[in-house]
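One-based numbering along the sequence shown.
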Amino acid sequence: MELGAEYVDVELKVADKFMKLISGRKPDNCKLIVSSHNYETTPSSEELANLVAQIQATGADIVKIATTATEIVDVAKMFQILVHCQEKQVPIIGLVMNDRGFISRVLCPKYGGFLTFGSLKKGKESAPAQPTAADLINLYNIRQIGPDTKVFGIIGKPVGHSKSPILHNEAFRSVGFNAVYVPFLVDDLAKFLDTYSSPDFAGFSCTIPHKEAAVRCCDEVDPVARDIGAVNTIVRRPDGKLVGYNTDYVGAISAIEDGIKASESEPTDPDKSPLAGRLFVVIGAGGAGKALAYGAKEKGARVVIANRTFARAQELANLIGGPALTLADLENYHPEEGMILANTTAIGMHPNVNETPLSKQALRSYAVVFDAVYTPKETRLLREAAECGATVVSGLEMFIRQAMGQFEHFTGMPAPDSLMRDIVLTKT
């Protein structure tokens, strides 16, 4: 303070001692931040309001409260306090630590937070789940976030690996759409949607493990998504109703079709899908598995479902009218040549890059192999399938195409196709 610092941050526990120590000698140009840290939980809104009053009573110029999220809905309590303090013209820094609290760090300017923290580089964070300053500025466009900024994001568990924020934030920026797209680490989908129910939370991408629960949480579900039994896109209409869609199946099926067409030397019948009549094996019976199975069946393929848990494989197989197998059965499954394989599980996803759902020996039976996993870009499954001579289709293609569909649902504008493709290929 004596050396001319503009801000000095003092822990609440010692604030009274500090005030006695300086006894009226605080320079006019110095602002005193008094901070309280809770490394266990986020107290109730009432307790947070009392804490604000307690901090103000020390003579603080700026109130700072950092709590810990046990679930993402905890952050809503902090947003309430930020808004309350803004109305009372009390400068406040309100942040919720760890991955479930991450949105508090990006969205604080929307609710009138005084500042947020960014580390100088990855690995140098001063608190759990702190983003880098560069990401706050360049990825989340934090300097443009204000009260009217719409919030979109990806709901998942885990969600930190997702490239969707990079893609959507840059696409929003390119068309001048006042919105930010953030990762939501969600344990309970219904509770999350119920808590963040304001029109400002305008749309969500939905990933593992919430795609099937999303069908039950929406007020309306597009007929295709209802048939599939999985929603990967939720849009909040102006009347507050949540509408669910599925852009996975179009993204994945069109990517596989184009991959097959590109590998065939002879031009194919443009009116007939290259999947028609082919044996199409889907690994996984979750949301993405349902989307692929439904899409392949629509195109005239004969669909087989393989899953670790046989009962789940059987359930989906019954729905689409095909046989069910376990992953162990799949190792020796080779009824015909020219089969197509689609992995829709998370097996092989970063950090478990050495895992694969099927042995290299078994992959020799397939002419085409698709992997919905896109981190890493080349999974072990795709690498080994290519070594066996199969046509491989990356999950990146599905990711790009389903994201374009989501962008159109979110904004009502056509997706910037080449820009989104370029972002995925160069920045993810």
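- With contacts defined as side-chain heavy-atom distances shorter than 4.5 Å, the pair Gln54/Leu51 qualifies.
- Of the possible donor and acceptor atoms, none in the side chain of Glu220 sits under 3.5 Å from a partner among the backbone N and O of Val243.
- Proximity of Met97 to Gln130: side-chain heavy atoms (C-beta onward) are nowhere separated by under 4.5 Å.
- Proximity of Val304 to Tyr333: side-chain heavy atoms (C-beta onward) are separated by under 4.5 Å at one or more points.
- Test Ile154, Thr247, Asn232 against Ser205 for side-chain contact (heavy atoms from CB on, under 4.5 Å) and you get one pass: Ile154.
- For the atom pair CG of Leu327 and OG of Ser359, the computed distance is 11.0 Å after rounding to the nearest 0.5 Å.
- Taking SG of Cys108 as the start and CD1 of Ile93 as the end, the distance is 9.0 Å to the nearest 0.5 Å.
- Interatomic distance, NZ of Lys241 versus CZ of Arg236, reported as 11.5 Å (0.5 Å rounding).
- Using the six-membered ring where Trp is involved, Phe410 and Phe152 have ring planes that are tilted, between 30° and 60° apart.
- Contact check for Met420 versus Met404: side-chain heavy atoms found under the 4.5 Å cut-off.
- A donor-acceptor pair is defined here as one N or O able to donate and one able to accept, closer than 3.5 Å; no such pair exists between the side chain of Asp422 and the backbone of Ser418.
- Checking side-chain atoms of Asp329 against main-chain N and O of Thr326 turns up a donor-acceptor pair under 3.5 Å.
- Checked by atom type and distance alone, the side chain of Asn246 pairs as donor or acceptor with a backbone atom of Ala230 at under 3.5 Å.
- Using a cutoff of 4.0 Å between basic side-chain nitrogens and carboxylate oxygens, Glu397 and Arg401 are scored as salt-bridged.
- Of all the heavy atoms in Phe177 and Met413, the pair that sits closest is CD1-CE, 3.9 Å.
- A salt bridge links Asp239 with Arg237: the closest approach of a Lys/Arg side-chain nitrogen to an acidic carboxylate oxygen falls below 4.0 angstrom.
- Here the options are Val282, Ile305, Ile228, the test is side-chain contact (heavy atoms from CB on, under 4.5 Å), and the partner is Lys290; only Ile228 passes.
- No donor-acceptor pair under 3.5 Å is formed between the side chain of Thr309 and the backbone N or O of Ala311.
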Intermediate values then yes/no, side chain to side chain donor-acceptor pair (under 3.5 Å), Thr70 and Asp74: CA-CA 7 Å; Thr70 55; Asp74 287 341; 3.0 Å; yes

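- Looking at Ile256 and Lys299, their side chains never come closer than 4.5 Å, going by heavy atoms from C-beta outward.
- Atom-to-atom distance recorded for Ser394:OG and Lys377:NZ is 9.0 Å, nearest 0.5 angstrom.
- Closest approach of Ala403 and Leu167 over heavy atoms only: CB-CD2, 3.3 Å.
- Counted within 6.0 Å of CZ on Arg308, heavy atoms from surrounding residues, nucleotides or ligands total 12 or fewer; the atom is thus considered open.
- Nearest heavy-atom pair, Arg312 versus Ala285, reported as atom, atom and distance to 0.1 Å: NH2-O, 3.2 Å.
- Sparse packing is recorded around NZ of Lys272, with 12 or fewer heavy atoms of other residues, nucleotides or ligands lying under 6.0 Å away.
- Panel note: side chain Lys110, backbone Pro147; a donor-acceptor pair is recorded below 3.5 Å.
- Remark: Lys122 does not engage Asp135 in a salt bridge, criterion side-chain N to carboxylate O under 4.0 Å.
- Using the six-membered ring where Trp is involved, His37 and Tyr39 have ring planes that are parallel, under 30° apart on the 30 and 60° scheme.
- With hydrogens and angles ignored, the 3.5 Å screen pairs no side-chain donor or acceptor of Ser35 with any backbone N or O of Ile65.
- Using bins of under 30°, 30° to 60° and over 60° for the plane-to-plane angle, the ring pair His168/Tyr181 lands in the parallel bin.
- Nearest approach of Pro274 to Ile260, heavy atoms of both residues: CB-CG2, 3.7 Å.
- With contacts defined as side-chain heavy-atom distances shorter than 4.5 Å, the pair Asn141/Phe172 does not qualify.
- The local environment of NE2 in His161 is crowded, with over 12 non-hydrogen atoms from other residues, nucleotides or ligands closer than 6.0 Å.
- In this structure, Leu193 and Cys217 approach most closely via the heavy-atom pair CD1-CB, 3.6 Å.
- For the atom pair NZ (Lys163) and CZ (Phe399), the distance works out to 9.0 Å, reported to the nearest 0.5 Å.
- Going from atom CD of Gln144 over to atom CG of Asn169 covers 11.5 Å, rounded to the nearest 0.5 Å.
- Listed for the Lys297 side chain is a donor-acceptor partner under 3.5 Å among the backbone atoms of Ile320.
- Not a single donor-acceptor pair under 3.5 Å links the side chain of Asp371 to the backbone N or O of Gly395.
- The two residues Leu419 and Ser174 have their closest heavy-atom pair at CD2-OG, 3.4 Å.
- The main-chain N or O of Ser119 is never found under 3.5 Å from a side-chain atom of Thr132 such that the two would form a donor-acceptor pair.
- The closest side-chain heavy-atom distance from Asn38 to Pro43 is below 4.5 Å.
- Taking the side chain as every heavy atom from C-beta outward, Leu185 and Phe102 never approach each other to under 4.5 Å.
- Using the six-membered ring where Trp is involved, Phe192 and Phe204 have ring planes that are perpendicular, over 60° apart on the 30 and 60° scheme.
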